[in-house]
Asks: 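Can you read through this structure? Questions will come right after.
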Amino acid sequence: MSDYAVTPRSEDFSAWYNEIVVKSDLVDSPERTPVRGCMIIKPYGYEIWEGIRNGLDQRFKATGHQNAYFPLFIPMSFLQKEADHVEGFAPELAVVTHGGGKELEEPYVVRPTSETIIGDAMSRWIQSYRDLPLLLNQWANVVRWEKRTRPFLRTSEFLWQEGHTAHATFDDAQAETMQMLDIYADFAINEAAIPVIKGQKSDQERFAGAHASYTIEAMMGDGKALQAGTSHNLGQNFAKAFDITYTDVNNEPQHCWTTSWGVSTRMIGAIIMAHGDDKGLRLPPRLAPIQAVVVPIWKNESEAAVVLPVAQELAAKLREAGVRLHIDTREGLSPGFKYNDWEMRGVPMRVEVGPKDVQNGTAAIARRDIPGREGKQFVEQSLVVARVLTLLDEVQAGLLQQATAFRDSHLHEVVGDYDRFTEIVRGGEWALTWFSGEAEAEAKIKEDCQAVSRCFPLEQPYAGQSGPCIVTGKPATRMAYFAKAY
RNA sequence: CGGGGUGUGGCGCAGUUGGUAGCGCGCUGUGUUUGGGACGCAGAGGUCCCGGGUUCGAGUCCCGGCACCCCGACCA
């Protein structure tokens, strides 16, 4: 028993996470991975990524974006063209100095992000306002040398998509930035069942080289915040650095306005930490590689002969209905073992078929979001498909509901009471408070709370009003969330 | 990059005053089992993290590395 159990979430969230990503077969264990800080994503984990990729890619295409691919290596001089950008990334760059046995004339950086090399291409591709907007996306791996790594949450190499667009006006770029933020939020809420908060980053937390950065912030099961996606309005910073210009209707040369936006494999970490429990993962049905598993139960050959055909027929019908289905016919494992095994892997629905079911014309259906026998029900075999389809929707909604209730119970509004503010944030919960956004104010909070602002939520509870900044006491026009973060 | 911890079959661990490595799980074969983590029997599997040193002899003692985990500073 103890060999299968995982450290309870409440006891040690971090240990729970580390154990669960390995035991649920998402990644090879970090100790065995031969490259420091990098991860081996196993097939089951990669299938989750494929689900994320498909869901996002579809949304990108529907809004007019096209995929392209740019080089992994970026000339060092490109990064240096945007001062803030290179300063922000310099500490985490991997640099290639040799190739083909010779020292390179100019070192290449392994891309930490592609604003520069795509900006360079855009400068050649864009001539006229007729070429705008240019809406690109790239699915790629990037490298950022990280001191401290954790599977999915922070690794030296990770997978992501990075969108890069160029527009004729600031307003167009801003509209694009917000559109992509909305797409991320829609995906997180409706596919990953994570109730994210859309907001704007403070100047301190802004992307290196951006005019404005926006984020979707999610609350994990330990109360910490996780940035699950970002969208940046880059203003004309990169357009000026890379000479991305167009000729407008009046035949006047103009700099473009660009954006970039990304979601990474970190989203998988968000799903794990937002939904997982002491029995393992709980995957949202819309992203689960396996939505339902059929477990046939038999004692001997003669029972198997009766049970297996029924189980296989149910499996076939479920597949026909579009359910991503697996049938577990492994021999020599007890049903109990299989239940626990699939629960660890987070499969949303389980259908059990034993001799008694065959006799009664029934099957047992268990839902992953409700533990133990309460989540189990017996239904007639003819109704299994319909019930599974209904329950998959219910589980999807249930996970979002549970995560939302958890989040809301850990959010606190504070006005003018700095002691209470620090108490909340230090206690691992989220505080929403009036905030001036000044660097010194944020630095003080960081020192007192070991936390910085997460975002100014786009939906302000008292829009149009103002209140006392939690640090300076001076009137502030916006409220911001503060929380410890990953 | 600072502080702490751990490195021994695939995994989790034991290994006494230094004497040449063992347990549980898993794995292979086999038989009985199977409605919430089954059991018997028979097997396979080890550069004891790496490199030096002390010693007749090192998993054990000394020195130096490396890796991983946890806690802090930097970050999608």
Side-chain angles (χ1 to χ4, degrees), chain A residues 1-7 12-15 17-19 22-23 28-37 88-93 112-113 140-150 152-162 184 201 204-205 207-208 213 215-217 226-232 260-270 279-280 295-301 303-304 307 328-344 350 352-360 362-364 366 371-373 375-376 378 446-447 450 452 484-486:
Chain A
M1 180 89 173
S2 59
D3 288 320
Y4 299 104
V6 75
T7 301
D12 185 341
F13 196 87
S14 178
Y17 182 86
N18 291 333
E19 289 170 29
V22 173
K23 289 192 175 183
D28 201 3
S29 85
E31 303 93 87
R32 277 182 296 212
T33 303
V35 185
R36 181 200 179 98
F89 280 107
E92 31 186 335
L93 293 180
T113 179
N141 57 336
V142 286
V143 169
R144 298 179 186 180
W145 219 256
E146 296 290 350
K147 305 256 163 72
R148 205 171 151 198
T149 60
R150 308 188 64 194
F152 298 119
L153 301 176
R154 178 164 297 105
T155 46
S156 289
E157 179 192 18
F158 57 90
L159 307 181
W160 76 346
Q161 58 68 215
E162 45 179 325
Y184 286 159
K201 285 291 186 186
Q204 289 70 241
E205 297 298 302
F207 174 71
S213 288
T215 174
I216 48 170
E217 294 287 327
L226 182 82
Q227 179 174 312
T230 48
S231 187
H232 313 290
S260 70
W261 26 275
V263 157
S264 72
T265 34
R266 175 182 267 190
M267 180 66 87
I268 298 174
K279 305 222 75 179
V295 180
I297 299 155
W298 69 88
K299 279 205 230 327
N300 48 49
E301 294 283 318
E303 282 188 359
V307 167
D328 187 356
T329 54
R330 288 177 294 178
E331 290 175 33
L333 294 176
S334 69
F337 181 91
K338 291 181 179 180
Y339 300 164
N340 285 285
D341 195 32
W342 294 111
E343 279 165 1
M344 176 59 75
R350 185 178 68 242
E352 308 164 14
V353 186
K356 287 177 208 159
D357 291 308
V358 173
Q359 209 168 24
N360 302 334
T362 59
R373 295 216 163 74
K376 222 165 179 175
F378 288 85
K446 185 173 184 177
E447 195 176 322
Q450 290 93 49
V452 292
K484 290 184 182 174
Y486 280 96

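Since the structure is predicted, the reported quantities are computational estimates derived from the model, not experimental observations.
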Asks: Taking the six-membered ring of A:Y339 (Phe, Tyr or Trp), confirm whether the NZ or CZ of A:R350 is under 6.0 Å from its centre and within 45° of its axis.
Replies: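 The answer is yes, since A:R350 meets both limits relative to A:Y339.
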Asks: Indicate, with a heavy-atom threshold strictly under 4.0 Å, whether A:G262 touches base, sugar-phosphate, or nothing.
Replies: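 Nothing, no nucleic acid heavy atom in range.
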Asks: Indicate whether OP1 or OP2 belonging to B:rC70 is found under 4.0 Å from a side-chain N or O atom of A:N18.
Replies: yes
Asks: Expressed in whole Å, how much space separates the C1' atoms belonging to B:rG46 and B:rA14?
Replies: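 It comes out at 15 Å once rounded to the nearest Å.
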Asks: Under 4.0 angstrom, heavy atoms only, what part of the nucleic acid is A:R350 near: base, sugar-phosphate, or nothing?
Replies: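 Base contact - A:R350 has a heavy atom under 4.0 Å of at least one base atom.
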Asks: Expressed in angstrom and rounded to an integer, what is the separation of A:R150 atom CZ from B:rG72 atom P?
Replies: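 Interatomic distance, CZ of A:R150 to P of B:rG72: 11 Å.
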Asks: Which distance, rounded to the nearest 0.5 Å, do you find between the CZ of A:F89 and the CZ of A:F207?
Replies: 4.5 Å
Asks: Evaluate whether the aromatic ring of A:Y339 and the six-membered ring of the B:rG37 base sit under 5.5 Å apart, centre to centre, with an inclination under 30°.
Replies: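 No, A:Y339 does not stack on the base of B:rG37, since the centre distance and plane angle fail the 5.5 Å and 30° test.
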Asks: Taking any heavy-atom pair under 4.0 Å as a contact, classify A:P112: base, sugar-phosphate, or nothing.
Replies: nothing
Asks: Between atom CH2 of A:W298 and atom CD of A:E331, what is the distance when rounded to the nearest 0.5 Å?
Replies: 5.5 Å
Asks: At under 4.0 Å between heavy atoms, what does A:W160 touch on the DNA or RNA strands: base, sugar-phosphate, or nothing?
Replies: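 No contact at all - A:W160 keeps every heavy atom at 4.0 Å or more from the nucleic acid.
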Asks: By the 4.0 Å heavy-atom rule, please label A:A364 as base, sugar-phosphate, or nothing.
Replies: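 Here A:A364 touches the bases of the nucleic acid.
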Asks: Would one find a side-chain N or O of A:R148 under 4.0 angstrom from OP1 or OP2 of B:rC74?
Replies: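 Negative; the distance criterion is not met.
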Asks: Round to the nearest Å and state the distance from A:L93 atom CG to B:rC74 atom P.
Replies: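 Value for this atom pair: 18 Å.
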Asks: For atom P, what is the distance between B:rG3 and B:rG65, given to the nearest Å?
Replies: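 To the nearest whole Å, 13 Å.
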Asks: NA contact type, A:E352, heavy-atom cut-off 4.0 Å: base, sugar-phosphate, or nothing?
Replies: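 The answer is base, as A:E352 lies within the cut-off (heavy atoms under 4.0 Å) of a base atom.
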Asks: Can you tell me if the side-chain N/O atoms of A:S334 get under 4.0 Å from OP1 or OP2 in B:rA38?
Replies: yes
Asks: Any base atoms under 4.0 Å from A:K201, or only sugar-phosphate, or nothing? Heavy atoms, all strands.
Replies: nothing
Asks: When you measure from the side-chain N and O atoms of A:K484 to the phosphate of B:rC71, is any distance below 4.0 Å, counting only OP1 and OP2?
Replies: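 Answer is no, no contact under 4.0 Å.
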Asks: Remember a base hit wins even if backbone is also touched, and classify A:F378 as base, sugar-phosphate or nothing at under 4.0 Å, heavy atoms.
Replies: base
Asks: Using the C1' atom as the reference point in each nucleotide, state the distance between B:rG40 and B:rU33 in Å, no decimals.
Replies: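 The same atom, C1', in both gives a distance of 11 Å.
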Asks: Measuring to OP1 and OP2 of B:rA76, would you say a side-chain N or O of A:T230 lies under 4.0 angstrom away?
Replies: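 The answer is no; no side-chain N or O of A:T230 sits under 4.0 Å from OP1 or OP2.
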Asks: In this structure, how many angstroms lie between the P atom of B:rC71 and the CD atom of A:Q450, rounded?
Replies: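 Taking atom P of B:rC71 as the reference, CD of A:Q450 is at 13 Å.
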Asks: Would you mind reading off the distance between A:E303 atom CD and B:rU34 atom P, rounded to a whole angstrom?
Replies: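 So the CD-P distance, A:E303 to B:rU34, works out to 8 Å.
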Asks: Classify the nucleic acid contact of A:E162 as base, sugar-phosphate or nothing, counting any heavy atom under 4.0 Å across all strands shown.
Replies: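 Touches nothing.
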Asks: Say you pick atom C1' in B:rG24 and the same atom in B:rG35; how far apart are they, in whole Å?
Replies: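 Between the two C1' atoms, the distance is 28 Å.
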Asks: Counting Watson-Crick and G-U wobble pairs only, both distances under 3.5 Å, name the nucleotide matched with B:rC74, or none.
Replies: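 Because no pair has both required distances under 3.5 Å, B:rC74 counts as unpaired.
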Asks: Select base, sugar-phosphate, or nothing to describe what A:K338 touches, counting heavy atoms under 4.0 Å on all strands.
Replies: nothing
Asks: Under 4.0 angstrom, heavy atoms only, what part of the nucleic acid is A:D357 near: base, sugar-phosphate, or nothing?
Replies: base
Asks: So A:T155, base contact, sugar-phosphate only, or nothing? Heavy-atom distance under 4.0 Å.
Replies: base
Asks: A:D341 has an atom CG; how far is it from atom P of B:rG36, in whole Å?
Replies: 16 Å
Asks: For A:R36 and B:rC69, give me the distance from atom CZ to atom C1', rounded to whole Å.
Replies: 12 Å
Asks: Using a 4.0 Å heavy-atom cut-off across all strands, classify A:T265 as base, sugar-phosphate, or nothing.
Replies: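 Here A:T265 touches no strand at all.
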